[in-house]
Colleague: 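The structure's right below; bear with me while I get my questions together.
A, B, ... follow the sequence lines: proteins, then strands. Residue 1 opens every chain.
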Amino acid sequence: MEYDFKAIEAKWQARWAAKGTFKAVEDPTKPKYYVLDMFPYPSGAGLHVGHPLGYIASDIYSRYKRLCGYNVLHPMGYDAFGLPAEQYAIQTGQHPEITTTRNIDRYRGQLDRIGFSYDWDREVRTCDPEFYKWTQWAFLKMFDSWYDPEQDKARPLPELTARLEKEGYGDVTAAQWNSASEKEKSDILMRYRMAYQGETSVNWCPKLGTVLANDEVKEGLSVRGGFPVEQKKMKQWLLRVSAYAPRLLEGLDGLDWSDSLKEMQRNWIGKSEGTEMVFDTICDGKELPVTIFTTRADTVFGVTFMVLAPESDLVPQLTSESCRSEVEDYLRQVAKKTERERISDTHTVTGVFSGSYGINPLTGEKIPIWISEYVLAGYGTGAIMAVPAHDSRDYAFARKFNLPIIPLIEGCDVSKESFDAKEGVMCNSGFLNGMQVKEAIEAAKDYVEAHGLGKRKTNYRLRDAIFSRQRYWGEPFPIYYKNGIPTPLPEDALPLVLPQTDEFKPAETGEPPLARIKDWTYEGLPLETSTMPGFAGSSAYYLRYMSPRDGEALVSSEANAYWQDVDLYLGGAEHATGHLIYSRFWNKFLYDLGYVCKEEPFRKLVNQGMIQGRSSFVYRIVGTNTFVSAGLKDSYKTTEIHVDINLVRSDRLDMAAFRKWRPEFADARFILEEGEYICGYAVEKMSKSMYNVVNPDDICANYGADTLRLYEMFLGPLEQSKPWDTKGIDGVNRFLKKFWRLFYDRSELLVTDGKATAEELKVLHRLIAKEKEDMESFSFNTTISAFMIAVNDLTAMKCSKREILEPLLVLLSPYAPHIAEELWEKMGHGQSVTFARFPEYVEAYTVENNCTYAVSFNGKTRFTTELPADMGREEVEKKVRAMEQTSKYVEGKEIVKVIVVPGKIVNIVVK
RNA sequence: GCCUUGGUGGUGAAAUGGUAGACACGAGGGACUUAAAAUCCCUUGGACCGAAAGGUCCGUGCGGGUUCGAUUCCCGCCCGAGGCACCA
């Protein structure tokens with residue numbers, strides 16, 4: 001019987017679905033394991049072979065964990081709200097719901113063809129009202145909570161209002177609070193709510209007609225679409241993510257994530273410890289204290305000017321009459337610049353003198369106050385003390401505007417550039433003279449605090465997340481306006497369902513599509529017209545999978561108590577500063593309020609690499625329809641043209657197919673190398689326009705899902721980015737065919753019950769050891785190599801013994817589940833291999849057959865070799881002596897002692 | 001500029017202090033076949049010696065160091081990828 005992957009895969013996919021093989025049910029008698037993939041955004045282009053890479057890895061791991069006796073939760077769903085569907089709707093007039101549903105169906109078909117062990121009964125879609133009800137619910141909870149710095153956690157808002165009523169809070173006294181109007185009370189609470197409305201400078205993208213979060217902007221262009229983004233002051237909803245900055249930072253330590261990803265988050269959170277210092281200032285005779293932030297309090301004796309951010313609230317107050325028109329000119333210039341211009345132009349120094357002066361609190365010196373865009377309004381206090389000698393930006397500014405530069409470190413040369421390093425001995429610095437810089441920083445901080453000039457302060461770069469989008473295809477806010485005061489909908493009014501419309505474009509004025517809908521009201525009052533951003537729906541979806549149909553809670557407490565948190569999360573590193581920060585924030589918030597039992601949502605995180613495309617090129621001689629083979633192209637003047645990779649095999653062009661590909665190539669002529677046309681290639685992003693997209697459906701049709709799964713893993717280390725190249729796929733396909741032939745010879749089942757030889761057992765044991773070792777580090781590629789070696793060995797030994805093949809099948813089943821199921825059944829098992837128990841079928845065979853001996857000199861391990869476990873000390877010594885004959889490593893050394901550790905490793909200490 | 005990674009055959013890659021290149025692709029040769037497909041076997045880092053069996057030297061981006069021994073550890077460079085970027 002031949003290996004008929006088509007029939008086998010169709011049969012088992014149908015059977016798994018019919019029997020609910022992968023249905024996860026809470027079972028307190030079994031340990032749980034939660035394996036999660038980052039759910040996809042269902043785009044119109046469908047899946048290409050890069051998408052399933054992570055899904056295959058997590059599926060292998062899920063299936064392995066099931067074999068080890070864990071109760072595995074392995075769900076999948078769709079991140080279905082978002083801009084592309086809406087852009088498409090604007091272009092075509094088709095409702096995003098229709099295209100989204102169509103895309104989801106296509107994705108599902110493609111995913112099913114690969115044979116994943118998802119529990120589809122738990123599927124979620126973020127655009128489903130039954131799902132986004134809980135996104136809205138979480139928003140309401142954030143709206144009705146504040147961050148209590150004393151308890152260091154989020155608390156229900158009534159705790160704050162009670163305090164305001166009784167004793168006041170912050171800068172609001174009880175009397176002020178109790179006599180405040182509704183509107184005033186709302187404004188005060190907005191300063192504390194976890195979800196709040198604020199007037200902020202936002203990334204406004206005119207082309208998309210919406211604001212974007214910082215992580216949705218790259219180099220001044222929108223991530224989706226690549227349109228220019230500018231700064232604009234707008235009233236927006238925000239999430240007080242910054243309140244969690246310290247906990248988001250500390251929480252990283254306990255997580256099993258890659259160092260690079262943790263580092264990215266640390267940079268994004270951006271902790272910096274410094275000092276807030278108060279400088280007195282004078283503007284046209286009026287005095288005003290100004291607080292600045294610095295990490296270099298030690299350099300205060302070198303302050304020669306101060307700088308304000310153009311957007312700082314202090315600018316109007318600190319602009320003197322004589323300088324007003326120049327300052328206003330400058331502010332206009334700055335405002336006109338887009339974010340992109342400001343970023344690409346960081347080397348041009350701009351600024352204007354404000355006409356006011358500050359007083360150095362330590363020296364009493366009078367210093368000018370300038371305004372410049374190199375100071376950011378959103379960080380620290382929006383005002384700095386400038387020390388040109390020891391800060392490169394201050395230095396550039398001082399050079400440009402001829403401000404004095406005072407060096408503070410002995411022997412440093414500041415004639416060409418600033419001395420930014422924190423090393424050397426202080427000078428020109430009063431009481432700090434003679435100290436090392438590091439000591440001086442601490443001494444200066446102490447001094448400033450002791451003399452009441454300021455206090456220590458830790459700042460974070462992490463900003464509050466802008467949470468509203470002026471778009472249609474997102475979750476509506478459960479907020480309406482009563483006399484202009486934002487008011488939450490009652491919980492039982494959820495979900496607030498997105499209304500139907502056929503006009504998806506935002507108005508020119510920036511008015512969102514929902515503003516055009518006349519009856520978008522609640523009890524006759526206007527509802528909020530912006531919608532939530534893409535990350536809203538993805539921030540807690542992993543919780544919803546635990547009890548996806550629960551009508552009473554985001555996650556039922558029983559389900560949450562059982563599944564706890566995600567044990568393994570697999571996805572791309574591109575979500576490091578977006579989704580993975582927001583999710584952690586969201587989860588911590590729910591944890592503070594007691595809705596979930598774990599503070600961190602994702603215990604272990606693995607980032608799979610991107611799969612790039614491998615594009616092929618033909619070279620047309622300019623002005624002709626003649627194509628020259630890659631090796632000869634340098635002799636001609638040619639144009640490089642992308643050619644569909646389906647017309648190319650092993651870089652050789654199928655010329656007949658190429659002529660048929662497009663009418664203009666119908667009469668193409670070729671200049672060949674040794675009778676063939678060789679194409680050039682390049683590694684690029686996989687995309688339609690480069691004709692390099694490989695569809696997993698085609699691979700499944702030609703080679704089968706098991707081959708696709710093995711090949712994707714065989715391609716190289718999971719975390720590494722690599723180009724897709726189909727040409728190596730025959731290797732793993734051959735392996736599966738060989739594997740099949742261990743069991744079947746044409747029509748006959750070969751499997752026998754004979755006792756395995758030691759040699760045969762050794763082949764199996766090597767494989768078991770390898771698989772166990774590699775599974776935890778996701779080194780699936782080397783395990784597959786080990787499988788190939790084992791199968792080659794067994795083939796050579798003509799071994800088809802049940803004792804060997806049965807555990808082999810169990811071992812292979814996570815990687816190539818269809819073929820494993822089929823053969824498992826053929827061997828007479830009534831139940832799916834999914835329910836085979838790894839210990840029972842595999843570990844029972846791991847006898848103490850081999851162990852490793854290490855030879856060491858001076859206590860350090862020098863040389864390891866494999867010897868039989870039952871070898872006694874004398875024999876080991878004899879063996880080592882024999883090694884002397886063949887090994888240069890122990891030649892002429894005297895054996896001092898042999899340390900036998902029962903079971904495993906033996907140290908042979910040699911002198 | 002800063003942070004994180006990585007650099008090994010024609011290609012994807014193994015090896016985390018102990019015979020570098022496992023495994024696979026591609027290439028070349030052979031067997032079976034009318035032929036093709038499929039399958040199987042041999043060769044395949046480079047240079048050199050040898051009739052052959054076999055042997056010698058070089059080789060993991062570059063330069064140093066530690067070590068009996070370094071792809072692996074340490075120091076200094078060069079190059080690629082990803083992230084951050086006036087964050088005071």
Colleague: Base, sugar-phosphate, or nothing: which does A:Ile384 touch, judged by heavy atoms less than 4.0 Å apart?
Modeller: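 Base: the residue A:Ile384, judged by heavy atoms under 4.0 Å, touches a nucleobase.
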
Colleague: Using a cut-off of 4.0 Å on non-hydrogen atoms, how would the nucleic acid contact of A:Gln720 be classed: base, sugar-phosphate, or nothing?
Modeller: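 Contact class for A:Gln720: sugar-phosphate only.
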
Colleague: With the threshold set at 4.0 Å, does a side-chain nitrogen-carboxylate oxygen contact exist between A:Asp253 and A:Arg266?
Modeller: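 Looking at A:Asp253 and A:Arg266, the cut-off is met.
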
Colleague: So A:His579 and A:His575, would you call those rings parallel, tilted or perpendicular, with 30° and 60° as cut-offs?
Modeller: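 Rings of A:His579 and A:His575: perpendicular, as their planes differ by over 60°.
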
Colleague: Distance between the C1' atoms of B:rG63 and B:rA70, in whole angstroms?
Modeller: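 It comes out at 15 Å once rounded to the nearest Å.
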
Colleague: If you look at every strand shown and take non-hydrogen atoms under 4.0 Å, does A:Lys738 touch a base, only sugar-phosphate, or nothing?
Modeller: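 If one applies the 4.0 Å heavy-atom cut-off, A:Lys738 turns out to touch the sugar-phosphate alone, with no base involved.
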
Colleague: When the distance from CG of A:Asn607 to C1' of B:rG83 is rounded to whole Å, what number comes out?
Modeller: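 After rounding, the reported distance stands at 12 Å.
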
Colleague: How many Å lie between CG on A:Leu715 and P on B:rU11, as a whole number?
Modeller: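 Spelled out: CG on A:Leu715 to P on B:rU11 is 16 Å.
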
Colleague: Quick one: A:Ile269 CD1 to B:rC3 P, roughly how many Å, whole number?
Modeller: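 So the CD1-P distance, A:Ile269 to B:rC3, works out to 18 Å.
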
Colleague: Using a heavy-atom cut-off of under 4.0 Å over every strand shown, decide if A:Arg614 touches base, sugar-phosphate, or nothing.
Modeller: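 It contacts nothing in the nucleic acid.
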
Colleague: Find the distance A:Leu376:CG to B:rC84:C1' and express it as a whole number of Å.
Modeller: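 Rounded to whole Å, this separation is 14 Å.
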
Colleague: If you check every side-chain atom of A:Phe714, which of B:rC3, B:rC86, B:rG12 has the closest atom?
Modeller: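 So the side chain of A:Phe714 is nearest to B:rG12.
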
Colleague: Between B:rA15 and B:rU72, how many Å separate the two C1' atoms, rounded to a whole number?
Modeller: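 Looking at atom C1' only, B:rA15 and B:rU72 are 9 Å apart.
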
Colleague: Check the chi torsion on B:rG9 and let me know: syn if it falls within 90° of 0, anti if not.
Modeller: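 Glycosidic conformation of B:rG9: syn.
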
Colleague: Select one nucleotide: of B:rA88, B:rC84, B:rC23, the one nearest the side-chain heavy atoms of A:Trp268.
Modeller: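 So the nucleotide nearest the side chain must be B:rC84.
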
Colleague: Hey, is the side chain of A:Lys737 poking within less than 4.0 Å of OP1 or OP2 on B:rU39, counting only N and O atoms?
Modeller: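 For B:rU39, OP1 or OP2 has a side-chain N or O of A:Lys737 closer than 4.0 Å.
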
Colleague: Roughly how far apart, to the nearest Å, are B:rU34 and B:rC41 at atom P?
Modeller: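 Roughly 22 Å separates the two P atoms.
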
Colleague: Taking atom P in both B:rG28 and B:rG21, compute the distance separating them and give it to the nearest angstrom.
Modeller: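 Result for the P pair: 25 Å, nearest Å.
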
Colleague: What is the distance, to the nearest angstrom, from the CD atom on A:Gln265 to the P atom on B:rC84?
Modeller: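 Atom CD in A:Gln265 sits about 12 Å away from atom P in B:rC84.
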
Colleague: If you only use heavy atoms from C-beta on, which nucleotide in B:rC86, B:rG26, B:rU39 is closest to the side chain of A:Asp730?
Modeller: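 Side chain of A:Asp730 sits closest to B:rG26.
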
Colleague: Report the base-pairing partner of B:rA81 (Watson-Crick or G-U wobble, both distances below 3.5 angstrom), or none.
Modeller: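 For B:rA81, the partner nucleotide comes out as B:rU4, under the 3.5 Å rule.
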
Colleague: For B:rA24 and A:Asn792 - does any side-chain N or O of the residue sit under 4.0 Å from the phosphate oxygens OP1/OP2?
Modeller: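 So the side chain of A:Asn792 is within the cut-off, an N or O lying under 4.0 Å from OP1 or OP2 of B:rA24.
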
Colleague: Should B:rA31 form a Watson-Crick or G-U wobble pair with both distances under 3.5 Å, which nucleotide is its partner?
Modeller: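 Check on B:rA31: paired to B:rU39, both distances under 3.5 Å.
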
Colleague: Parallel under 30°, tilted from 30 to 60°, perpendicular over 60°: which one fits the rings of A:Trp370 and A:Phe401?
Modeller: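 Because their plane-to-plane angle lies in the 30° to 60° range, the rings of A:Trp370 and A:Phe401 count as tilted.
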
Colleague: When all nucleic acid strands are considered with a 4.0 Å heavy-atom cut-off, which category describes A:Pro723: base, sugar-phosphate, or nothing?
Modeller: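 If one applies the 4.0 Å heavy-atom cut-off, A:Pro723 turns out to touch nothing in the nucleic acid.
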
Colleague: When the P atoms of B:rU4 and B:rG9 are considered, how many whole Å apart are they?
Modeller: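 About 26 Å, rounded to a whole number of Å.
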
Colleague: Rounded to the nearest Å, what distance is computed from the CG atom of residue A:Asp725 to the P atom of nucleotide B:rA13?
Modeller: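 After rounding, the reported distance stands at 11 Å.
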
Colleague: Side-chain N or O of A:Tyr379 less than 4.0 angstrom from OP1 or OP2 on B:rA88?
Modeller: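 Affirmative; the distance criterion is met.
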
Colleague: So does A:Arg399 pair up with A:Glu417, basic N to acidic O under 4.0 Å?
Modeller: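 Salt bridge: no.
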
Colleague: Watson-Crick or G-U wobble partner for B:rU56, using a 3.5 Å limit on both distances?
Modeller: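 The answer is B:rA47, by the H-bond criterion.
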
Colleague: Between B:rA14 and A:Asn781, is there an OP1 or OP2 to side-chain N/O distance shorter than 4.0 Å?
Modeller: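 True: A:Asn781 side-chain N/O within range (under 4.0 Å) of B:rA14 OP1/OP2.
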
Colleague: Looking at the side chain of A:Glu373, which of B:rC86, B:rU5, B:rA14 is the nearest nucleotide?
Modeller: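 Minimum distance to the A:Glu373 side chain belongs to B:rC86.
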
Colleague: C1' atom, B:rC42 versus B:rA36: distance in rounded Å?
Modeller: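 23 Å, rounded to whole Å.
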
Colleague: Any chance the rings of A:Phe305 and A:Phe397 have centres within less than 6.0 Å?
Modeller: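 For A:Phe305 and A:Phe397, the ring centres are under 6.0 Å apart.
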
Colleague: Given the C1' atoms of B:rG83 and B:rG29, what is the spacing between them in whole Å?
Modeller: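 Nearest-Å result for B:rG83 against B:rG29 at atom C1': 50 Å.
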
Colleague: On a whole-Å scale, what distance lies between the P atoms belonging to B:rA88 and B:rG76?
Modeller: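 Their P atoms lie roughly 25 Å apart.
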
Colleague: Would you say A:Arg734 places a side-chain N or O within less than 4.0 Å of OP1 or OP2 belonging to B:rC25?
Modeller: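 Affirmative; the distance criterion is met.
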
Colleague: Return the nucleotide paired to B:rC25: Watson-Crick means purine N1 to pyrimidine N3 with N6-O4 or O6-N4, wobble means G-U with N1-O2 and O6-N3, both under 3.5 Å.
Modeller: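 Result: B:rG10.
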
Colleague: B:rA81, OP1 or OP2 - any side-chain N/O from A:Gln612 closer than 4.0 Å?
Modeller: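 Result: no.
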
Colleague: Mapping A:Asp774 and A:Phe293 to their closest nucleotides on RNA chain B, which lands nearer the 5' end?
Modeller: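 Its nucleotide being nearer the 5' end, the pick is A:Asp774.
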
Colleague: RNA chain B: A:Gly731 or A:Ser779, which has the more 5' nearest nucleotide?
Modeller: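 Whichever sits nearer the 5' end wins; that is A:Ser779.
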
Colleague: Tell me the interatomic distance from A:Ile581, atom CD1, to B:rG83, atom C1', rounded to whole angstroms.
Modeller: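 Whole-Å distance recorded here is 13 Å.
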
Colleague: If pairing requires Watson-Crick or G-U wobble contacts with both distances under 3.5 Å, which nucleotide is the partner of B:rU72?
Modeller: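 When the pairing criteria are applied, nothing turns out to pair with B:rU72, so the answer is none.
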
Colleague: Any idea which heavy atoms bring A:Asp394 and A:Met385 closest together, and the distance?
Modeller: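 The pair with the smallest heavy-atom distance is OD2-O, 4.0 Å.
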
Colleague: Hey, is the side chain of A:Thr782 poking within less than 4.0 Å of OP1 or OP2 on B:rA13, counting only N and O atoms?
Modeller: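 Checking B:rA13 against A:Thr782, no side-chain N or O comes under 4.0 Å of OP1 or OP2.
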
Colleague: When you compare the side chain of A:Ser779 with that of A:Asn781, does any pair of heavy atoms fall below 4.5 Å?
Modeller: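 Yes, at least one pair of side-chain atoms sits under 4.5 Å.
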
Colleague: In terms of heavy-atom contacts, does CG of A:Asp4 have more than 12 from other residues, nucleotides or ligands at under 6.0 Å?
Modeller: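 More than 12 within 6.0 Å, yes.
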
Colleague: What's the CD1-P distance between A:Ile789 and B:rC23, to the nearest Å?
Modeller: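 It works out to 6 Å between those atoms.
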
Colleague: Would you say that more than 12 heavy atoms from the other residues, nucleotides or ligands in this model lie under 6.0 Å from the NZ of A:Lys262, or not?
Modeller: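 It does: A:Lys262 NZ has more than 12 such atoms within range.
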
Colleague: Give one of base, sugar-phosphate or nothing for A:Ser260, where a contact means two heavy atoms less than 4.0 Å apart.
Modeller: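 The residue A:Ser260 makes sugar-phosphate contact but no base contact.
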
Colleague: Looking at the side chain of A:Arg741, which of B:rU39, B:rC3, B:rA13 is the nearest nucleotide?
Modeller: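 Selected nucleotide (nearest to the side chain): B:rU39.
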
